[in-house]
Amino acid sequence: IADLVSQRRGKRVAPNSVYRILDLFVATNLARRVESANAYIANSHPGCLHDCIFLICDSCGTATHIDDDTLTMHVRTAAERAGFAEVRPVIEVRGICADCG
Ligand SMILES: [Zn+2]
Ligand SMILES: [Zn+2]
């Protein structure tokens, strides 16, 4: 991203600035962080706040997202019951996508 933006703007943009902007996007719910892939993905539903579940293809790296509030709610409840606070479920599934399989 830093290379691409640097090229477009004709001046060097540091990777740190890109990370700062990405963090801002995550904080404002415009993007989501895919933790296990150390990547970011545009949030397809910035208007609603819930815990997205990501399916990450080990072959092509594509991250697809599914939503199952029942599942993530169970994870939240279980964590809170164990005395965990400020719970933020991160559910990522690795495998092979339909295109690669
Ligand atoms: Zn979602
Ligand atoms: Zn794939």
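Remember, it's 1-based here, ligands and their atoms both numbered in the order they're listed. None of these values were measured; they are calculated from a predicted model.
- Although no hydrogens or angles enter the test, the distance criterion places a donor-acceptor pair under 3.5 Å between the side chain of Glu92 and the main chain of Glu35.
- Rounding to the nearest 10°, we obtain 110° for the angle at the Zn ion (ligand 2) between Cys60 SG and Cys100 SG.
- Classified by interplanar angle (parallel below 30°, tilted 30° to 60°, perpendicular above 60°), the ring pair His50/His45 is perpendicular.
- Rounded to 10°, the angle formed at the Zn ion (ligand 1) by NE2 of His65 and NE2 of His45 is 80°.
- Here OG1 of Thr62 is found 11.0 Å from CG of Leu55. Values are rounded to the nearest 0.5 Å.
- The N, O or S atom of Asp67 lying closest to the Zn ion (ligand 1) is OD1.
- Asp58 places no side-chain N or O within donor-acceptor distance of the main-chain N or O of Ile96, the cut-off being under 3.5 Å.
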